[in-house]
Amino acid sequence: MSAALRVFIILLLAYFLSYFFRATNAVISPDLRRDLGLTSAELGLMTSLFYLTFAIAQLPLGALLDRFGPRFVHPALMLLGAIGALIFASAQDFLTLSAGRALLGIGFAAALMGALKAFSLWFPAHRYASISSLYVALGASGAIAASSPLAWLKEQIGWRGVFEWGALVIVLVALVVALGVRNAPKGMALPRSTQAGNASLIWRSSQFWRMGWLNFMVGGGFLAWQTLWGGDFLFKVRGLGSLEVGSVLFTFSLAALLGFLLCGPLADRWGLPRVLLSASLGFTLGPLLLALWPQMPAWGLYLTYGLMGFTGAFNILSLAQARLAFPTALTGRAVTAINFMGFMGVFLLQWGMGVVLGLSEYSTALLVWATLIALAIVGYLPLALEQRKSAL
């Protein structure tokens with residue numbers, strides 16, 4: 001096995017865990033409601049804290065990775081995640097549960113950005129995009145493990161047992177990262193970042209906000225639905241059991257994996273903004289269908305969840321678009337800023353939907369969400385039109 005392939009596989013293990021733990025609440029939400037008496041608003045807020053702390057950690061993370069490399073920054077954060085898993089497993093009230101969930105978010109904050117930093121040194125530039133998209137696609141299989149397999153495992157050892165054993169797995173993988181991943185190939189020093197470029201150019205750019213708000217609504221909504229409300233909808237509105245819910249979420253996650261694999265080649269063929277716009281329009285159909293036809297037959301439910309998983313995965317293209325939209329000196333900060341917008345979207349949409357559900361029904365919450373996505377698409381439209389004009 002080549003050293004570069006070893007680095008890829010080891011980091012992939014950590015990214016798999018990141019996807020698994022962010023998605024667990026979609027399957028265990030009935031247990032959390034029953035055992036701790038959580039309301040919809042509390043469930044949404046607690047689950048969204050993973051994404052809030054994950055997003056906030058992105059702000060200093062870029063500088064830490066540039067200075068120290070992913071080898072020790074990534075596993076050090078993972079150890080905090082292991083502590084979070086143990087706290088979550090032992091929680092007897094909302095606040096303790098929330099603290100554990102928040103630490104899990106910090107623990108996996110470097111799972112993607114740390115890998116992207118490593119890949120920039122371990123793989124040639126012309127393979128960077130393909131390696132990165134493959135990494136995301138394979139890592140997304142962690143969400144598949146958090147569907148039907150998690151539903152079965154929960155029945156065997158309980159949701160607390162899942163997190164107790166999960167904490168041990170996190171520690172073991174963190175140790176493997178520290179021992180098996182070098183920051184750079186032998187003989188190559190870790191490059192030191194410069195302060196070239198003005199990062200405020202990003203936040204003052206209309207291009208950034210057009211991309212950022214679309215990622216906020218589609219990328220954030222994609223994860224908010226996959227990791228909590230998509231499962232809760234099936235439990236509460238459709239009255240499905242844990243294994244049935246796991247099966248539908250499995251379809252969502254499998255379709256998302258396919259979307260991650262195909263979005264890059266499709267963007268290369270048809271143009272990135274055009275493909276991202278089309279996928280966002282397709283994603284909007286999901287909440288509309290569920291709001292207007294909540295009792296659709298089982299085949300419609302699987303198709304709708306599959307559509308949302310497949311088209312929602314295309315939000316990863318916003319990271320690639322950010323790399324192209326700003327000068328090279330600002331690439332790292334631009335990508336981190338877009339990632340920040342996406343995960344703030346998960347936080348606010350998960351929490352916000354819980355608040356709406358406390359006041360109304362799922363149909364109202366889904367229609368509000370679909371409207372917000374439509375507004376973000378309208379804001380993004382000029383970027384797709386600019387691409388079309390440049391191609392003529």
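For an aromatic pair to be called close, the ring centres must be under 6.0 Å apart, and F222 with F252 satisfies this. Aromatic ring centres of F163 and F21 lie closer together than 6.0 Å. Checked against the 6.0 Å centroid criterion, the rings of W213 and Y380 do not qualify as a close aromatic pair. Between F108 and Y19, the distance separating the two ring centers is not shorter than 6.0 angstrom. A ring-centre distance under 6.0 Å is not found for W299 and Y302.
L277 and L307 are members of different hydrophobic clusters when ILVMFWY side chains are connected at heavy-atom separations under 4.5 Å. With hydrophobic clusters built from ILVMFWY side chains whose heavy atoms lie under 4.5 angstrom apart, L175 does not share a cluster with V181. Hydrophobic clustering of Ile, Leu, Val, Met, Phe, Trp and Tyr side chains at less than 4.5 Å, counting indirect connections, unites L319 with L134.
The pair D35-R160 fails the salt-bridge criterion, with no side-chain N (NZ, NE, NH1 or NH2) lying under 4.0 Å from an Asp/Glu carboxylate O.
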Stepwise side-chain hydrogen bond (donor to acceptor under 3.5 Å, both in side chains) test for R101 and S48
CA-CA 8 Å; R101 182 75 176 172; S48 68; over 6 Å; no

Run R22 and S18 through side-chain hydrogen bond (donor to acceptor under 3.5 Å, both in side chains) and show every step you take.
CA-CA 6 Å; R22 73 178 65 170; S18 174; 2.9 Å; yes

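The two residues L36 and A91 come nearest to each other via the heavy atoms CD2-O, 4.2 Å. Taking each heavy atom of L103 and G84 in turn, the nearest pair found is CB-CA, 3.6 Å. Across all non-hydrogen atoms, the minimal contact from C263 to I316 is SG-CG2, 3.5 Å. L228 and G44 get closest at one heavy-atom pair: CD2-CA, 3.7 Å. The shortest heavy-atom contact between L234 and Y305 is CG-OH, 3.5 Å. Heavy atoms only, all atoms of each residue included: S148 and F250 are closest at OG-CB, 3.9 Å.
Annotation: E361, atom CD; neighbour count of heavy atoms from other residues, nucleotides and ligands within 6.0 Å does not exceed 12. In this structure, W293 places its CH2 atom where more than 12 heavy-atom neighbours from other residues, nucleotides or ligands lie under 6.0 Å away. Atom CH2 of W351 sits in a sparse spot, with 12 or fewer heavy atoms from other residues, nucleotides or ligands closer than 6.0 Å.
Annotation: side chain of L366 is in contact with side chain of F233 (closest heavy-atom distance under 4.5 Å). F260 is not listed as a side-chain neighbour of L138, based on a closest heavy-atom distance of 4.5 Å or more. V177 places none of its side-chain heavy atoms less than 4.5 Å from the side chain of R71. With contacts defined as side-chain heavy-atom distances shorter than 4.5 Å, the pair M46/L32 qualifies.
Using a 3.5 Å distance cut-off with no hydrogens or angles, the side chains of R274 and S278 do not pair a donor with an acceptor. T96 and D93 are linked by a side-chain donor-acceptor pair at a separation below 3.5 angstrom, with hydrogens and angles left out of the test.
A parallel orientation is assigned to the rings of F343 and F54, their planes being inclined by less than 30° (bins at 30° and 60°). Between F8 and F119, the angle of the ring planes stays under 30°, which puts this pair in the parallel group of the 30/60° scheme.
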